[in-house]
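Please read the structure below before turning to the comments.
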Protein chains: 2
Amino acid sequence: MLDTALRQRRALLHETRCQTCSLASLCLPLALDIEDMDQFDAIIRRRAPLKKGEPLVRQDAPFTSVYAVRSGSLKQVTSEGRGDDQLTNFYLPSEMVGLDGIDAQRYPGSVIALETTTVCEIPFDRLDALSERLPELRAQIYRSMSKEMHEDRRMLRLLSRKTADERLASFFTSLSARFRRRGYSAYSFRLSMSRGDIGNYLGLAVETVSRILTRFQQQGLVTVSGREVNILDLAALEALAEGEGGA
Amino acid sequence: MLDTALRQRRALLHETRCQTCSLASLCLPLALDIEDMDQFDAIIRRRAPLKKGEPLVRQDAPFTSVYAVRSGSLKQVTSEGRGDDQLTNFYLPSEMVGLDGIDAQRYPGSVIALETTTVCEIPFDRLDALSERLPELRAQIYRSMSKEMHEDRRMLRLLSRKTADERLASFFTSLSARFRRRGYSAYSFRLSMSRGDIGNYLGLAVETVSRILTRFQQQGLVTVSGREVNILDLAALEALAEGEGGA
DNA sequence: CGAACGATTGAGCCTAGTCAACATACGTGG
DNA sequence: CCACGTATGTTGACTAGGCTCAATCGTTCG
């Protein structure tokens with residue numbers, strides 16, 4: 001039995017090494033050579049997997065680390081005032097959590113696992129120190145942050161100009177692209193978030209999300225069964241997402 | 001006459017030095033000591049002032065530099081599809097323009113002067129190289145980006161949860177705070193942007209902006225005459241911005 | 001001084017929110 | 001393994017906030 005535990009532990013350690021990580025090509029150490037990757041690897045902290053609903057970071061907690069998602073998914077929720085939560089982000093494997101806490105030195109929202117989720121913890125002070133010697137790593141940090149800003153701008157546009165249908169279509173095409181990029185099917189996947197989460201994220205009432213999903217099915221764009229999604233007409237969804245509904 | 005030109009040029013050079021810049025305490029070199037500031041100063045490029053309506057950067061142009069606003073103001077506009085512009089940001093003195101272009105190596109939107117505006121151009125490759133040796137500078141770059149992400153999240157919440165009244169109130173209180181921080185009056189200022197710009201930014205029709213402004217005046221919250229704004233009851237505006245209208 | 005643009009005001013409409021009832025899935029303990 | 005309770009999802013009816021269209025007024029600039 002001890003043997004099993006040992007093997008599991010070794011497997012875990014093995015898995016946690018960047019060099020053998022299947023996400024390495026999408027993650028922070030992306031551009032590093034073998035030697036540098038070892039240095040990077042050395043500052044990463046292992047973490048027990050998070051269970052569904054468990055917070056990775058809590059809003060307003062002191063900023064110490066950023067995190068790379070290895071498997072599973074999370075949502076970022078910012079509470080302000082009484083019960084007025086806003087879901088500001090979903091995080092999928094290879095994406096970075098916590099970069100928005102650098103400025104205020106506190107995390108601006110809680111980040112909560114949507115399913116069983118594993119992450120790599122990267123203490124920021126050590127990352128920063130390492131980035132001093134590794135220009136490629138520095139560039140990758142800048143790129144990650146810049147990309148998130150870029151994404152946020154897309155989201156601003158979605159919220160201020162798009163109709164409910166366009167928002168849902170955007171949501172699906174964006175998820176589809178993100179899954180594809182990670183080597184999963186672009187057409188068939190399982191949502192880890194509830195309708196409520198989706199609505200909150202897209203600025204829509206749950207009822208609206210539900211209604212539009214049934215309409216999308218009637219239109220033959222997708223099939224949805226619970227959280228199982230099948231995209232039938234990606235091109236049409238993409239057109240819809242860009243506002244070519246009937247204009 | 002040559003003498004005049006010479007003096008002007010010297011004045012310009014003088015003004016453009018970080019050490020004598022009144023914004024130094026808000027800007028990138030914030031935490032640098034005198035010596036380091038000189039190094040930073042050396043990589044900055046002077047730029048002729050932009051006239052109203054003139055673009056500082058154009059959407060999709062190759063990313064080369066970031067910019068610090070010295071005086072005036074600008075807006076960032078992202079066009080997608082036909083005529084579907086989204087105003088994603090306003091930039092005031094000491095704020096950084098262009099950081100969202102690092103990832104794609106292109107500027108994700110055009111940035112256009114709203115009035116006569118001067119900026120410091122900072123070539124990014126040289127900034128990055130310098131940041132290798134100056135941890136304080138690096139920290140400040142991270143902080144700038146992180147702050148912008150944070151701001152974007154606030155904006156997401158505004159667009160997805162707030163009513164038109166709350167949005168306008170937020171807009172005014174935010175401007176007020178930004179002016180105060182720069183040493184200007186928090187209660188009396190001139191808008192450099194049109195009603196159309198405000199509406200576009202806040203996800204509202206121009207007519208709605210106009211209507212709410214007149215209502216705010218009737219309620220004794222502000223006086224507005226053209227682009228001249230006087231805040232009469234900042235506390236009430238702040239309460240409104242946070243959704244304490246009648247709840 | 002006139003033209004062009006920006007701002008204001010009014011009337012009617014439409015999208016998505018709210019409230020309410022019902023259906024389904026989930027998971028926990030007997 | 002099933003039964004129950006709770007959380008999640010769906011559907012319907014009604015409402016309202018903000019958009020559109022349209023006309024008018026004001027202001028800035030050539």
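Lettering follows sequence order; numbering is per chain, from 1.
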Would you mind classifying the nucleic acid contact of [X] as base, sugar-phosphate or nothing, using non-hydrogen atoms under 4.0 angstrom?
X	result
Leu213(A)	nothing
Gly226(B)	nothing
Gly199(A)	nothing

Tell me if the aromatic rings of Phe90(A) and Tyr201(A) count as close, with their centers under 6.0 Å from one another.
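Ring centres of Tyr201(A) and Phe90(A) closer than 6.0 Å.
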
Using a cut-off of less than 4.0 Å, is there contact between a side-chain N or O of [X] and OP1 or OP2 of [N]?
X	N	value
Thr208(A)	dT15(C)	no
Ser194(A)	dA7(D)	no
Arg195(B)	dT8(C)	yes
Arg211(B)	dC19(D)	no

Shortest side-chain distance from [X], nucleotide among [options]:
X	options	answer
Thr163(B)	dG9(D), dT8(C), dG18(D)	dG18(D)
Arg227(B)	dT11(D), dG6(C), dT9(C)	dG6(C)
Ala205(A)	dT10(D), dC19(C), dG17(C)	dG17(C)

Let me know which of Arg157(A), Lys162(A), Arg154(A), Glu242(A) forms a side chain to side chain donor-acceptor pair (under 3.5 Å) with Ser170(A).
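Looking at Arg157(A), Lys162(A), Arg154(A), Glu242(A), the match for Ser170(A) under the side chain to side chain donor-acceptor pair (under 3.5 Å) is Lys162(A).
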
Measure the distance from [atom1] on [X] to [atom2] on [N] and round it to the nearest whole Å.
X	N	atom1	atom2	result
Arg167(A)	dA16(C)	CZ	P	7 Å
Asn200(B)	dG6(C)	CG	P	13 Å
Leu202(B)	dG17(D)	CG	P	18 Å
Leu191(A)	dA25(C)	CG	C1'	15 Å
Leu159(B)	dG18(D)	CG	C1'	14 Å
Lys162(A)	dC19(D)	NZ	P	18 Å
Ile212(A)	dG9(D)	CD1	C1'	15 Å
Phe216(B)	dT8(C)	CZ	P	13 Å

List the atom of Ser144(A), the atom of Met96(A), and the distance in Å for their closest heavy-atom pair.
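Looks like OG-CG, 4.0 Å.
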
Heavy-atom nearest nucleotide on DNA chain D for Ala164(B) versus Glu207(A): which residue maps closer to 5'?
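Per heavy-atom nearest nucleotide, the more 5' residue is Glu207(A).
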
To the nearest 0.5 Å, what is the distance between CD on Glu151(B) and OG on Ser174(B)?
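These two atoms lie 6.5 Å from each other.
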
Parallel, tilted or perpendicular: ring planes of Tyr184(A) versus Phe179(A), cut at 30 and 60 degrees
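Ring orientation of Tyr184(A) relative to Phe179(A): perpendicular.
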
